[in-house]
Amino acid sequence: MSSIAQKKGFGATIWDFMTTVDHKKIAILYLMSGGFFFLVGGIEAMLIRIQLVKAGNDFLSAGTFNEVITMHGTTMIFLASMPILLAFMNAVMPLQIGARDVAFPFLNSLGFWLFFFGGIFLNLSWFMGGAPDAGWTNYASLALASEGHGIDFYALGLTISGFGTLIAGINFLVTIINMRAPGMTYMRMPLFTWTTFVASALILLAFPPLTVGLFFMIFDRLFGASFFAVEMGGNTIIWEHLFWIFGHPEVYILILPAFGIFSEIFAIFSRKRLFGYTALVFATILIGFYGFMVWAHHMFTVGLGPTANAVFALATMIIAVPTGIKIFNWLLTIWGGNISFSVPMIYAVAFIPTFVAGGVTGVMQAIAPLDYQLHDSYFIVAHFHYVIVGGVVLAILAGTHLYWPKMFGTMLSEKLGKWTFWFFFLGFHLTFFIQHFLGLMGMPRRVYTFGADQGWDLFNAISSSGAVLMATGVIILLVNVVMTIVKNERIGNDPWGDGRTLEWAIPSPPPFYNFAQTPLVRGLDTYWIEKMDGNKKGMIFAEPLGDIHMPNGSIIPFVISLGMFIASFGALYFLDGKPWALAVLIGGLALMFGSMLLRSLKDDLGFHITKEELLEDAKGGNTDGH
Amino acid sequence: MAHDAHVHVRSQAEFEYVKKKRADEMRGNLATFAIMIFLTLIAFTTVAAGFSVYLIVPIILLLAAIQVVLQLYYFMHMSGKGHGMVAFFMFSGMFVAFITVLTFVTIIWW
């Protein structure tokens with residue numbers, strides 16, 4: 001474990017990533033696989049827009065179109081947005097609080113591999129008899145009537161990847177509660193750490209209802225139960241409730257870390273302390289709480305009755321208050337700042353009006369009587385793309401530029417970044433702004449085609465042309481990534497020059513133990529305080545240099561996840577009467593529980609980095625011109 | 001760090017203080033224990049007295065909630081130092097579970 005860079009073969013690198021428990025490498029794994037699924041979801045989006053480019057198009061059949069919209073939604077939410085945000089959380093949050101790793105490095109790896117195998121399982125449905133086709137919400141009556149195995153892939157795949165996400169959430173909670181550096185009080189935590197904390201709490205409370213719902217769905221479809229089968233005395237509405245009790249917090253799980261990334265960006269690139277830090281923190285917590293009281297606004301037209309609709313409508317509108325607090329605080333952070341319009345800042349500035357537009361249409365839909373008009377129309381499609389693309393995806397793109405140097409030690413090109421931004425941003429508004437009007441003109445969502453006499457031709461064609469611009473933006477980003485990797489120009493600790501929080505005080509990428517000595521935190525924006533005090537080291541230390549205890553890598557998380565992946569195929573084909581299905585199910589479960597048992601019985605005490613090795617590192621390591 | 005832990009010798013005043021605190025705590029425990037038995041008796045009595053089910057069920061649920069709180073705070077020491085975050089998450093979870101159950105009971109099954 002010396003500091004001397006070892007040249008490793010390709011196989012050794014792969015093995016290293018398969019066994020790693022280092023939060024920074026797991027972040028890279030999340031980013032790569034999340035990015036891959038983002039491209040898959042993007043291709044599915046392009047297929048949708050090609051199909052709808054003109055009236056009566058027959059590019060996709062009706063059945064295939066249903067599969068494509070279902071997989072587009074599911075992939076983008078569960079397999080792209082969340083993992084990429086988890087990548088940033090993993091990469092940055094432990095550094096921001098001055099920790100050497102997350103609380104449970106082994107579980108961190110397990111969480112990733114469960115998500116990964118769940119995502120692969122879900123996407124294998126394309127090649128194994130058809131993808132799920134009941135929409136990403138998978139409403140029970142439709143899902144139970146669906147032929148083939150698509151819905152089974154959905155239910156089993158999301159169960160597996162849901163376990164992974166739940167594990168990641170719990171891990172982050174414990175990390176933030178227990179592993180903050182000395183002096184890092186709750187009210188000194190950077191806002192990205194705060195939003196990670198609240199989003200993880202939402203994961204902890206929101207994923208169990210989804211798991212319950214998916215279990216019911218699996219039992220109904222595979223084992224002959226009838227939780228949702230009305231003719232057997234079940235209740236199909238229960239699925240909708242369970243799904244949205246999860247589903248609404250889920251959108252806050254996505255948007256809160258996005259808010260966190262933008263909060264960091266506004267402070268860094270305005271060269272100002274965040275305005276109203278305390279208000280931002282409490283607004284975050286408040287949004288987290290409200291997130292659990294509003295789910296039925298997705299179900300106004302189900303017939304819950306006027307009382308329930310009124311209660312949920314009011315609760316929904318209240319959310320606009322903490323969100324408004326955030327918007328104003330960001331504006332006041334920029335106000336009077338010494339602004340530098342680097343790529344992340346451009347995204348952040350563009351995010352504000354875009355997200356506000358999505359928020360306003362959200363409040364419109366909160367008015368239950370109006371929602372009866374808007375429900376299941378393209379207005380809804382426009383709304384949730386304004387909040388998710390205009391909020392989460394812009395944050396992901398901004399975060400990719402902002403944190404790329406910290407994760408990889410190289411800088412993405414500013415020039416190409418700006419091209420990506422303009423293509424993506426203009427394309428986005430071109431695609432989705434006009435969909436509001438398509439919705440108002442009566443175009444229902446999830447239709448695979450429309451007639452030439454309905455007057456929707458022009459607007460749909462415009463919408464599709466916007467999608468081409470967005471795709472161009474993403475392709476430029478890919479080119480940017482490849483060029484940056486090939487050029488490989490190394491950068492120092494604080495490449496943006498105005499970093500405020502602890503992650504910018506250490507080399508990029510950080511050594512695998514992050515901090516040779518645990519830092520002592522003296523206030524909000526720790527690194528900024530030290531810079532202002534002229535401290536060349538960037539931090540003051542809370543402990544003398546000494547041996548560091550580190551965890552060993554392990555392949556067991558990979559094997560546990562693989563076991564679950566194999567067992568899922570057994571469960572899936574069990575009802576078909578395939579003779580091997582039961583054996584596969586049992587074999588997979590045996591592999592899973594066997595490797596768990598191995599982990600429990602075999603002590604893994606980790607290893608120590610000695611003081612001498614740390615000293616050697618400090619001599620030869622990245623010193624950033626100090 | 002573990003290696004610089006030292007043995008603390010209590011002064012007389014500290015000893016007196018700890019002793020008094022423990023006595024207070026014990027009194028609290030005993031009082032709570034008595035209250036809990038009394039609450040249980042009330043629960044049994046309502047059933048034995050043959051009140052309407054619509055009265056008995058809410059009363060028993062209410063008593064149960066009080067019992068849980070007493071148990072947590074007096075016997076599981078949740079009021080002690082360093083339990084703030086635990087309490088926060090427990091009550092958040094209970095809150096979410098409560099509104100979920102409330103909604104199911106009122107708008108699905110009622």
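Note that these values count all heavy atoms, side chains included, but never hydrogens, waters or copies made by symmetry. A, B, ... follow the sequence lines: proteins, then strands. Residue 1 opens every chain.
- Proximity to chain A is limited to the side chain of B/Thr103, based on heavy atoms less than 4.5 angstrom apart.
- Surrounding CE of B/Met94 are more than 12 heavy atoms belonging to other residues, nucleotides or ligands, all under 6.0 Å away.
- For the atom pair CD1 (B/Ile108) and NE2 (A/His241), the distance works out to 4.0 Å, reported to the nearest 0.5 Å.
- Within 6.0 Å of atom OH in A/Tyr372, more than 12 heavy atoms from other residues, nucleotides or ligands are found, so the atom counts as buried in its surroundings.
- More than 12 heavy atoms of other residues, nucleotides or ligands lie within 6.0 Å of CE in A/Met187, so this atom counts as buried by the packing criterion.
- Expressed to the nearest 0.5 Å, how far CD1 of B/Ile107 lies from CZ of A/Phe312 amounts to 5.5 Å.
- Within 6.0 Å of the CZ atom in A/Phe219, the count of heavy atoms belonging to other residues, nucleotides or ligands does not exceed 12.
- For B/Phe38, the CZ atom sits in a loose shell: 12 or fewer heavy atoms of surrounding residues, nucleotides or ligands are nearer than 6.0 Å.
- Residue B/Phe104 holds its CZ atom at 4.5 Å from CD1 of A/Ile245, rounded to the nearest 0.5 Å.
- Closest approach of B/Ser92 to A/Leu205, counting heavy atoms only: CB-CD1, 4.3 Å.
- Surrounding CZ of B/Phe98 are at most 12 heavy atoms belonging to other residues, nucleotides or ligands under 6.0 Å away.
- Both the backbone and the side chain of A/Leu304 come within contact range of chain B, each with at least one heavy atom under 4.5 Å from a heavy atom of that chain.
- Of the inter-residue distances, the one linking A/Asn235 atom CG with B/Trp109 atom CH2 reads 8.5 Å to the nearest 0.5 angstrom.
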inquiry  = Test side chain to side chain contact (heavy atoms under 4.5 Å, CB included) on B/Val96 and A/Phe289; report intermediate values, then the result.
reply    = CA-CA 9 Å; B/Val96 171; A/Phe289 263 101; over 6 Å; no
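- Heavy atoms of other residues, nucleotides or ligands lying less than 6.0 angstrom from CZ of B/Phe88 number 12 at most.
- Remark: A/Phe292 CZ to B/Thr100 OG1 distance equals 8.5 Å, nearest 0.5 Å.
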